[in-house]
Amino acid sequence: MERVADLHTHTRHSDGLYEPRDLVDRAAAAGISILCISDHDNLAASREMRAHARSLGILLVAGTELSCQHRGVDVHVLAYGVDVDDPALETRLASFRRTRDTRGEMMVERLRELGYPVSIERVRQIAGSGALGRPHVARALIEIGAVDTMDAAFDKFLGQGRPAFVDKQRFRIDEVVALVRDAGGVSSIAHPTLYPNHRALVNELLDAGIDGIETRHPDVDAANRDFYERLARDRGLLVTGGSDDHGNGGPKSIGSILVPESLIVGLLERIDM
Ligand code: AMP
Ligand code: ZN
Ligand code: FE
Ligand code: FE
């Protein structure tokens with residue numbers, strides 16, 4: 001039987017709910033043989049889970065998801081097969097994690113001014129060792145009863161243009177292309193359909209040196225999947241895919257996207273696995 005992959009997941013090292021070990025166990029239970037834990041701005045799970053994944057017969061691809069700014073659009077780029085101890089990459093990731101913490105303080109301050117008594121200590125506790133993000137603030141808002149759901153927290157407070165929205169530091173595309181390549185990895189455009197005017201945008205990102213497109217993702221419908229897989233083939237580029245599991249359940253859950261190994265042989269060859 002052909003092996004299957006999930007190359008897009010999150011753990012408590014970013015804004016997912018599962019411990020890395022839990023996530024790897026769930027992947028094994030879902031029949032996944034090739035896994036990437038792509039925490040935002042964080043390679044810790046890729047470092048920590050190598051041996052455990054191997055013991056379950058899972059090939060763990062090192063990776064992380066990076067937020068970039070391209071002509072005013074927030075574009076997410078997945079990095080695969082990077083050296084998890086690359087000093088230049090780790091320095092940049094650590095700096096992004098620090099600015100995320102300061103941004104967390106600013107979001108909490110705005111919420112308190114609006115009359116919602118969220119505490120930064122609690123938000124940090126929820127984030128644990130993870131790269132602090134809006135989902136952690138959203139969970140704190142649910143805890144104090146300000147909203148009932150994560151979606152409501154984003155709609156009412158944390159989404160772009162909402163009163164507690166604070167922007168975060170982002171990479172430039174050319175920086176990410178070079179940084180990932182110099183760390184021995186390849187890059188892929190995450191969930192391409194989530195960006196405005198995405199077909200034109202994706203071509204620009206590929207022209208800038210991104211190596212592939214995430215064609216298999218819960219937010220990519222069949223027509224766009226086929227379109228982008230043809231585009232990748234025509235341009236001689238890679239395709240990647242994954243569930244984007246954050247532990248919240250719903251369509252973005254491990255097992256919802258099973259990428260056949262035959263689709264990602266190009267990637268596996270490029271990252272020397
Ligand atoms: P940040 O990186 O701190 O800006 O947070 C962005 C993250 O928030 C994304 O990666 C998603 O995981 C999550 N997110 C964005 N919108 C929503 C939403 N409406 N409901 C739940 N989570 C969301
Ligand atoms: Zn996330
Ligand atoms: Fe993303
Ligand atoms: Fe993601």
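Keep in mind that the numbers below use all heavy atoms, side chains included, and drop hydrogens, waters and symmetry copies.
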TODO: Determine, stepwise, if the pair R139 / E143 fulfils side chain to side chain contact (heavy atoms under 4.5 Å, CB included).
DONE: CA-CA 6 Å; R139 284 177 198 134; E143 274 184 6; 5.8 Å; no
- [ ] I would like to know whether L66 and L179 meet side chain to side chain contact (heavy atoms under 4.5 Å, CB included); could you show each step before the answer?
- [x] CA-CA 11 Å; L66 305 169; L179 194 63; 5.6 Å; no
Task: Heavy-atom pair with the smallest gap, counting every atom of V202 and P192 - done: CG2-CB, 3.9 Å
Task: L43 reachable from V176 in the ILVMFWY side-chain graph, under 4.5 Å edges - done: yes
Open item on the list: Would you say I254 ends up clustered with I37 if hydrophobic residues are merged whenever their side chains have heavy atoms under 4.5 Å apart, either directly or through other cluster members?
Closed with: yes
TODO: Identify the two heavy atoms, one from Y195 and one from A190, that lie closest to each other, and give their separation to 0.1 Å.
DONE: OH-O, 2.7 Å
TODO: Indicate the ring-plane relationship of H10 and H40, choosing parallel, tilted or perpendicular according to the 30° and 60° boundaries.
DONE: parallel
- [ ] Mark yes or no for whether S253, through its side chain, and S256, through its backbone, hold a donor-acceptor pair below 3.5 Å.
- [x] no
Task: Name of the residue among R100, R170, R92, R103 meeting salt bridge (Lys or Arg N to Asp or Glu O under 4.0 Å) with D41 - done: R100
Open item on the list: Run Q169 and S95 through side chain to side chain contact (heavy atoms under 4.5 Å, CB included) and show every step you take.
Closed with: CA-CA 10 Å; Q169 195 190 349; S95 133; 4.1 Å; yes
Open item on the list: Name the residue from L7, I264, T64 that meets the side chain to side chain contact (heavy atoms under 4.5 Å, CB included) definition with Y80.
Closed with: L7
- [ ] Check the hydrophobic clustering (I, L, V, M, F, W, Y; side-chain heavy atoms under 4.5 Å; chains of links allowed) and say if V73 and L205 are grouped together.
- [x] yes
- [ ] Applying side chain to side chain contact (heavy atoms under 4.5 Å, CB included), run through K168 and T99 and close with a yes or a no.
- [x] CA-CA 7 Å; K168 69 178 175 193; T99 64; 6.0 Å; no
- [ ] Find out if a path of hydrophobic residues (ILVMFWY) with successive side-chain heavy-atom gaps under 4.5 Å connects I271 to V239.
- [x] yes
Open item on the list: Taking atom CZ as the centre, does R172 end up with more than 12 heavy-atom neighbours from other residues, nucleotides or ligands that are less than 6.0 angstrom away?
Closed with: no
Open item on the list: Can you confirm whether the side chains of H136 and D15 place a donor and an acceptor under 3.5 Å from each other?
Closed with: no
Open item on the list: In this structure, would L158 and V147 fall into the same cluster of hydrophobic residues linked by side-chain contacts under 4.5 Å?
Closed with: yes
Open item on the list: Restricting to non-hydrogen atoms, name the atom on D74 and the atom on S67 that form the minimum distance, rounded to 0.1 Å.
Closed with: OD1-CB, 3.9 Å
Task: Ion pair check, R124 and E105, cut-off under 4.0 Å - done: yes
Task: Polar side-chain atom of S46 near backbone of G63 as donor-acceptor pair, under 3.5 Å - done: yes
Open item on the list: Is it true that H76 and E214 share a donor-acceptor pair across their side chains at a distance under 3.5 Å?
Closed with: no
Open item on the list: Give me the atom names and distance for the closest heavy-atom approach of H8 to L78.
Closed with: ND1-CD1, 3.8 Å
- [ ] Answer yes or no: is there a donor N or O on one side and an acceptor on the other, between the side chain of R122 and the main chain of A140, under 3.5 Å?
- [x] no
Task: Heavy-atom donor-acceptor pair, R21 side chain to M49 backbone, under 3.5 Å - done: no
Open item on the list: Quick check on E2: does its CD atom have over 12 non-hydrogen neighbours (other residues, nucleotides or ligands) under 6.0 Å away?
Closed with: yes
Task: Any donor-acceptor N or O pair under 3.5 Å, side chains T11, D39 - done: yes
Task: Under-4.0 Å salt bridge between D211 and R181 - done: yes
Open item on the list: Check whether T193 reaches the backbone of D219 with its side chain - one donor and one acceptor, N or O, closer than 3.5 Å.
Closed with: yes
Task: Side chain R225, main chain V220, donor-acceptor under 3.5 Å - done: no
Task: salt_bridge(R97, E90) N-O dist < 4.0 Å - done: yes
Open item on the list: Angle between ring planes, Y116 versus F157, binned at 30° and 60°: parallel, tilted or perpendicular?
Closed with: perpendicular
Task: Side-chain donor or acceptor of T9 paired with backbone N/O of C36 under 3.5 Å - done: yes
TODO: Specify the closest pair of heavy atoms between H13 and P20, including all atoms of both residues, with the distance to one decimal.
DONE: CD2-CG, 3.6 Å
Open item on the list: For the backbone of N248 and the side chain of H246, can you confirm whether one donor and one acceptor N or O come within less than 3.5 Å of each other?
Closed with: no
Task: D207, CG atom: more than 12 neighbouring heavy atoms under 6.0 Å - done: yes
Open item on the list: Looking at L60, is its backbone amide N or carbonyl O close enough to the side chain of R50 to form a donor-acceptor pair, meaning the two atoms are under 3.5 Å apart?
Closed with: no
TODO: Give a yes or no on whether a salt bridge exists between R216 and D6, defined as a side-chain N under 4.0 angstrom from a carboxylate O.
DONE: no
